[in-house]
Amino acid sequence: MTTALDSHDPGRSDDGNPVGDPLLDGLNPRQREAVEYRGPSLLIVAGAGSGKTSVLTRRIAGLLRSREAWPSQILAITFTNKAAAEMRERVGAIVGDSAEGMWISTFHSACVRILRREAEAFGFSKNFTIYDSADSKALLKRILKELDADMFGLTVSKAANRISQLKNELTDVEGFARDANLNDPTEKKFLEVFRRYTRGLSDANAFDFDDLIGQTVYLFRAFPHIAATYQRRFKHILVDEYQDTNHAQYSLIRELTKPPTPEQFETSPGVLVQGQSNELEAASLTVVGDSDQSIYAFRGADIRNIVEFERDFPRSTVILLEQNYRSTQTILDAANAVISHNFDRKDKKLFTTVGAGDKIVGFTGYSGHDEAQFVADEIQKLHDEGVAYKDIAVFYRTNSQTRALEEIFIRAALPYRVLGGTKFYERAEIKDAFGYLIAVANPADPLALRRIMNTPKRGIGPATEAALQAWADDRGMTLRDAMRNASELGLGPKVTKAIVGLAEVLDEVMAKVETSKPADILTELLERSGYLAALRASQDPQDEARAENVDELVAVTKEFGKNNPDGTLLDFLTEVSLVAAADDLDDSSGTVSLMTLHTAKGLEYDSVFLTGVEEDLLPHRMSANEPGGPAEERRLFYVGITRARKRLFLSLAMTRAQFGEVNVAMPSRYLQEIPTELIEWKQSPGMANSRGGTQSRALNARRDGNSGGGSWSGSLRAAAAGGLPPAPPRAKTEWANPVTATVRDNGDLTLAAGDRIRHTDFGDGTVNQVTGAGPKSIADVQFDTAGRKRLLIKIAPIEKL
DNA sequence: CTTGCGGAATTTTTT
DNA sequence: ATTCCGCAAG
């Protein structure tokens with residue numbers, strides 16, 4: 001450890017260079033204060049793009065460098081695992097190896113770590129399973145069926161949401177029973193559902209996502225000596241995205257920042273550290289947040305946590321970061337204008353010194369496909385100008401909007417990747433493989449067992465399964481026990497053999513769980529269960545892809561083994577249970593990123609396409625009637641806008657396909673909130689409206705019925721009066737037809753420069769150039785009327801002339 | 001017990 | 001449009 005590292009002298013840096021302190025270089029005065037301030041509690045109100053990650057990492061680095069804290073005394077909570085990894089890396093870059101041993105993780109990861117360590121203390125064993133929302137729903141589905149709860153209007157998703165909300169408020173079954181109105185039969189039924197669900201989880205030795213937080217809080221409250229261990233351990237706690245914390249997470253932080261009391265020392269003999277007075281000091285708390293970016297109220301995030309921080313934590317200090325280092329002034333003006341329509345907020349105005357930059361580009365397509373084509377064309381143009389694909393992102397409100405975008409992107413041969421959505425780990429075959437892994441990791445879990453019992457087909461149907469379960473219930477044993485003793489049930493000899501055989505395989509592999517690597521365990525299970533063999537032997541062509549996915553999973557476990565030589569199966573299962581949509585983001589890949597607005601939070605891109613800016617989509621129909629819904633949707637729009645560094649594209653469609661039906665879409669109310677001079681419309685809603693036949697008449701008809709003062713059409717006319725440039729003439733031919741939705745296959749059609757072709761949407765054109773080989777060849781085509789396009793030859797709707 | 005058909009529901013956002 | 005579920009036939 002060098003003396004420079006210990007130096008607190010701001011005039012020196014690590015290498016003795018007197019130019020400045022690497023911790024403070026390039027920071028503005030507010031940011032410096034946020035890095036250097038020391039006190040019991042600090043709230044950093046950080047507007048979008050104000051460099052909060054930089055401030056947070058330097059603050060941590062500063063604590064380590066000055067020896068105010070050892071790495072093990074720091075707990076930093078981030079929103080995603082990716083953010084955690086990034087923060088660890090950036091702290092490491094400043095202070096080197098001393099970053100090792102810090103707890104930088106999400107709420108959920110930190111809690112799993114604590115729970116695994118302390119599980120035995122309160123009636124769980126440390127190999128508990130983590131149920132994701134799909135698992136929770138599967139359990140609830142069984143319960144609802146058993147109780148005939150659908151007669152009371154209880155659905156799986158309703159019950160799941162309600163239970164999740166209760167848990168986020170730290171209400172357990174007994175707490176709910178006390179306050180519930182049990183004269184209401186529906187409430188009574190729900191209570192029973194809640195009770196059985198809780199029971200089902202504990203029987204399975206499992207926690208759901210919400211339990212991870214809630215049970216940790218319960219653990220701390222019920223066992224003060226355990227809480228004291230962590231209260232003493234963490235001297236500095238830092239929480240990012242504090243505006244998105246819910247009550248349970250808030251309570252966890254409160255527990256951790258309580259000073260350990262002397263009695264607690266006495267109740268934990270053996271852990272007693274000879275009591276200097278500073279051993280009893282509460283941890284210092286730093287939170288970073290921006291109430292304008294609170295977009296998770298739907299899962300219990302409570303904006304009051306940040307608004308009332310100063311009251312909750314007395315002697316706290318607040319530092320405001322308003323200077324934006326990310327976006328152009330045009331983008332910030334639009335963002336400020338939009339967010340200022342939310343009334344219950346502290347006024348905060350982002351500013352920058354980088355200048356106005358380009359105008360926001362607006363576009364209205366005739367359909368979702370038309371809109372997607374616009375996005376694809378603009379991305380191609382940006383790329384031709386030298387913008388890398390990885391610096392471009394496309395945002396949307398709902399995952400279902402990816403379909404149209406993907407269809408067009410594939411056809412245009414644009415490299416893209418979808419973040420979130422149907423994740424790898426949600427695929428059926430991957431869940432099956434995990435079922436096997438969980439079955440050996442946590443034999444008490446019946447959910448995993450049921451999933452694999454008859455996968456691949458072993459002739460063990462629902463009736464057999466029910467018989468096994470009943471046998472187990474009668475004796476207070478687990479489903480797994482019943483399988484081992486299947487011969488006592490008097491089932492057919494074939495079925496009995498299949499059940500006992502499976503139980504034997506599981507038992508034998510389970511014996512090696514402690515000593516074997518996850519990859520070996522998985523491989524053995526897939527072999528001996530016959531799962532992989534069944535997929536390979538299948539006639540269904542999709543099963544081939546499934547087998548590949550399973551192979552991919554094996555590769556993932558091998559990779560995990562390489563990165564974590566001592567990693568157990570339990571470690572692996574924990575890690576994959578907690579990966580989020582944004583976590584597998586790989587910035588180095590040269591692809592355009594597609595994601596929901598929620599996933600986009602915390603990220604930034606040079607060029608951003610915000611699609612589907614329509615009523616019923618943004619704000620979403622479902623949120624329109626909820627209290628605070630429209631305001632939260634506005635914040636979502638605000639988050640999307642502020643992700644853009646240089647260029648922002650806002651697009652919408654006049655019609656959108658939904659549930660297989662085509663519906664008329666209206667421009668979002670939020671569009672009007674952006675000053676018209678900031679947007680340059682390539683095709684405004686009015687322009688799209690005035691052309692074309694029946695579609696626009698339908699739109700007009702509805703709009704007339706809807707037009708009050710300050711309606712959209714009114715502000716459009718104002719915009720037109722302000723002198724918008726006319727639409728580029730080529731727009732007419734280029735966008736006139738909706739793109740055909742079917743994916744075709746041109747076989748081994750080959751093209752060469754100079755060939756003339758005909759495209760169903762773009763008309764005739766001449767091939768400039770062909771790149772790539774085989775099924776990936778791409779034609780660069782100059783169309784006579786529709787401009788220049790790149791097409792994936794194999795699937796483009798074209799013919800050679 | 002498995003397969004296959006037709007009707008229903010689905011799509012709001014996520015750790 | 002696609003997926004999921006329940007029911008009936010094999």
Side-chain angles (χ1 to χ4, degrees), chain A residues 77-84 105-112 130-134 136-138 141 145 150 155-157 160-161 164 167-168 207-214 241 244-246 248-249 294-301 368 395-404 407 419-423 425-426 428 454 456-466 491-492 494-495 498 540 576-583 595-601 612 616-626 629 632-633 635-637 639-640 656-663 741-742:
Chain A
I77 304 283
T78 58
F79 199 67
T80 63
N81 292 302
K82 176 173 189 292
S105 65
T106 62
F107 271 108
H108 296 267
S109 306
C111 287
V112 171
I130 300 166
Y131 276 16
D132 65 17
S133 10
S136 296
K137 283 182 174 166
K141 198 166 158 187
K145 199 176 277 179
D150 50 345
T155 65
V156 170
S157 60
N161 283 333
S164 177
K167 289 189 176 184
N168 286 332
F207 292 119
D208 66 18
F209 274 142
D210 301 311
D211 282 339
L212 296 178
I213 316 288
E241 308 282 11
D244 286 323
T245 52
N246 59 37
Q249 293 165 331
S294 164
I295 55 174
Y296 284 102
F298 72 91
R299 73 167 198 222
F395 301 157
Y396 36 82
R397 177 64 232 271
T398 66
N399 281 307
S400 62
Q401 288 168 256
T402 51
R403 276 223 169 80
E407 275 173 24
L419 301 182
T422 313
K423 279 164 271 178
Y425 293 108
E426 284 169 13
N454 200 28
K457 302 262 184 292
R458 298 185 175 91
I460 310 172
T464 310
E465 182 198 302
L491 296 160
K494 235 168 101 186
V495 192
D540 188 341
V576 297
S577 305
L578 298 175
V579 291
D583 288 343
M595 69 191 86
T596 66
L597 285 164
H598 284 87
T599 305
K601 193 179 67 157
D616 290 345
L617 214 47
L618 189 70
H620 195 274
R621 188 186 298 109
M622 298 277 95
S623 69
N625 298 321
E626 285 169 17
E632 173 144 323
E633 298 281 308
R635 289 194 291 272
L636 200 49
F637 189 43
V639 165
R656 192 159 297 270
Q658 205 182 217
F659 301 137
E661 263 183 302
V662 177
N663 293 310
T742 48

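In what follows, every chain begins at residue 1, and chains take the letters A, B, ... in the order their sequences are listed.
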Fill in: Protein-nucleotide distance (A:His598, atom NE2; B:dT11, atom P), rounded to Å
16 Å
Item to complete: Look at A:Asp616 together with A:Arg656 and state whether they make a salt bridge at an N to O cut-off of under 4.0 Å.
Response: no
Fill in: Among B:dT11, B:dT15, B:dT14, the nucleotide that comes nearest once only the side chain of A:Ser400 is considered
B:dT11
Item to complete: Would you kindly give the NZ-to-C1' distance between A:Lys457 and B:dC1, to the nearest whole Å?
Response: 10 Å
Discussion item. As a test of reading the structure: which of B:dT15, B:dT13, C:dA1 is closest to the side chain of A:Asn399, going by heavy atoms?
Written reply: B:dT13
Worksheet item: Counting side-chain heavy atoms from CB outward, which of B:dT12, B:dT14, C:dC5 is closest to A:Thr599?
Response: B:dT14
Worksheet entry | Minimum-distance nucleotide (side-chain atoms of A:Asn454 versus C:dC5, B:dT13, B:dT2) | B:dT2
Discussion item. From C-beta outward on A:Lys145, which listed nucleotide comes closest to its side chain: C:dG6, B:dC1, B:dT13?
Written reply: C:dG6
Worksheet item: For A:Ala463, which contact category applies under a 4.0 Å heavy-atom criterion: base, sugar-phosphate, or nothing?
Response: sugar-phosphate
Worksheet item: What is the ring orientation for A:Phe298 with A:His598, classed by angle as parallel under 30°, tilted 30 to 60°, or perpendicular over 60°?
Response: perpendicular
Item to complete: Could you tell me whether the side-chain ring of A:Phe298 sits stacked on the base of B:dT12, using a centroid cut-off under 5.5 Å and a plane angle under 30°?
Response: no
Fill in: Euclidean distance for P, C:dC4 against B:dT13 (whole angstrom)
16 Å
Item to complete: Would you kindly give the CG-to-C1' distance between A:Asn246 and B:dT15, to the nearest whole Å?
Response: 10 Å
Worksheet item: With respect to the side chain of A:Phe659, which nucleotide from B:dT11, B:dT12, B:dT15 is positioned closest?
Response: B:dT11
Item to complete: Measure from the side chain of A:Thr464, starting at C-beta and using heavy atoms only, and say which of B:dT15, B:dT3, B:dC1 lies closest.
Response: B:dC1
Discussion item. Quick check: on DNA chain B, is the nucleotide nearest A:Arg458 upstream (toward 5') of the one nearest A:His620, or the reverse? Name the residue that is more 5'.
Written reply: A:Arg458
Fill in: A:Arg299 CZ to B:dT12 C1', straight-line distance once rounded to whole Å
13 Å
Worksheet item: Minimum heavy-atom separation for A:Gly640 to A:Phe395, with atom names?
Response: O-CE1, 3.8 Å
Worksheet item: What distance, rounded to whole Å, do you find between the two C1' atoms, one in C:dG6 and one in B:dT11?
Response: 23 Å
Fill in: Closest heavy-atom pair and its distance - A:Leu419, A:Thr599
CB-CG2, 4.4 Å
Worksheet item: How close or far is atom C1' of B:dT13 from atom CZ of A:Arg635, stated in whole angstroms?
Response: 13 Å
Item to complete: Go through the steps to decide whether A:Ser105 and A:Thr78 satisfy the test side chain to side chain contact (heavy atoms under 4.5 Å, CB included), and finish with yes or no.
Response: CA-CA 6 Å; A:Ser105 65; A:Thr78 58; over 6 Å; no
Discussion item. From CZ of A:Arg397 over to C1' of B:dT14, roughly how many Å is that when rounded to an integer?
Written reply: 11 Å
Worksheet item: Just how far, in rounded Å, is P of B:dT15 from NZ of A:Lys82?
Response: 14 Å
Worksheet item: Rounded to the Å, how far apart are A:Met595 CE and B:dT13 P?
Response: 15 Å
Item to complete: Answer with base, sugar-phosphate or nothing: what part of the nucleic acid does A:Leu617 contact at a heavy-atom distance below 4.0 Å?
Response: nothing
Discussion item. Counting only side-chain nitrogens and oxygens, does A:Ser133 get under 4.0 Å of the OP1 or OP2 atom of B:dT15?
Written reply: no
Worksheet item: Which is true for A:Phe107 with a 4.0 Å heavy-atom rule: it touches a base, it touches only sugar-phosphate, or it touches nothing?
Response: nothing
Item to complete: Select from A:Arg403 and A:Asn161 the residue whose nearest nucleotide in DNA chain B is closer to the 5' end of that strand.
Response: A:Arg403
Practice prompt. Using modelled atom types only, decide if a donor and an acceptor are shared between the side chain of A:Asn454 and the backbone of A:Ile460 within a distance under 3.5 Å.
Written response: yes
